[in-house]
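Written below as structure tokens is the structure these notes are about.
Hydrogens, waters and symmetry mates are skipped; everything else that's a heavy atom, side chains included, is used. Start at 1 and go down the list; that is how both ligands and their atoms are numbered.
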Amino acid sequence: DPQDGDDTELLTKEKPKTKRPPMYKVMLLNDDFTPMEFVVHVLERFFGLNHAQAFEIMLTVHKKGLAVVGVFSHEIAETKVAQVMDFARRNQHPLQCTMEKEE
Ligand code: TYC
């Protein structure tokens, strides 16, 4: 019924419901102490990168201060961060890994 406003409401509020879940960037931070080979190993082990890709990202972090290693769902991103932080701590390296919501 056009008199009660419902039709207008429907026409104006209907949006295509194609919202994807938010994604999270997982980032590695540079420091002065973690060996380059250790960072390369982390990238191969936890992010499935080949040696060349891992070396390239490690160098980007080393030169720029940080780099995005991958983009994941919240749960996967949290797992990656925890795995990297735990592995670094167990090996007594100060390597830092963080996550941030994508825009
Ligand atoms: N800057 C470190 C070094 O010179 C190497 C390094 C790279 C450390 C990337 C952390 O996320 C990192 N040994």
| note | Those residues at least two apart in sequence (or on a different chain) that pass salt bridge (Lys or Arg N to Asp or Glu O under 4.0 Å) with Glu44 are none
| query | Would you call the rings of His74 and Tyr24 parallel, tilted or perpendicular, where under 30° means parallel and over 60° means perpendicular? | reply | perpendicular
| task | Mind checking side chain to side chain contact (heavy atoms under 4.5 Å, CB included) for Pro21 and listing every partner two or more places apart, or none if nothing turns up? | result | none
| said: Is there a side-chain contact between Leu43 and Met58 in this structure, where contact means two heavy atoms from C-beta onward sitting under 4.5 Å apart? | reply: yes
| query | In order of chain and number, which residues sit within 4.0 Å of ligand 1 by heavy atom? | reply | Leu28, Leu29, Asn30, Asp31, Thr34, Met36, Val39, Met58, Val61, His62, Leu95
| Under the ring pair (Phe, Tyr, Trp, His ring centres under 6.0 Å) test, which residues partner His51, sequence neighbours left out? | none
| request: Take Val42 and Thr34 through the side-chain contact (heavy atoms from CB on, under 4.5 Å) test and state the conclusion after the steps. | output: CA-CA 11 Å; Val42 161; Thr34 304; over 6 Å; no
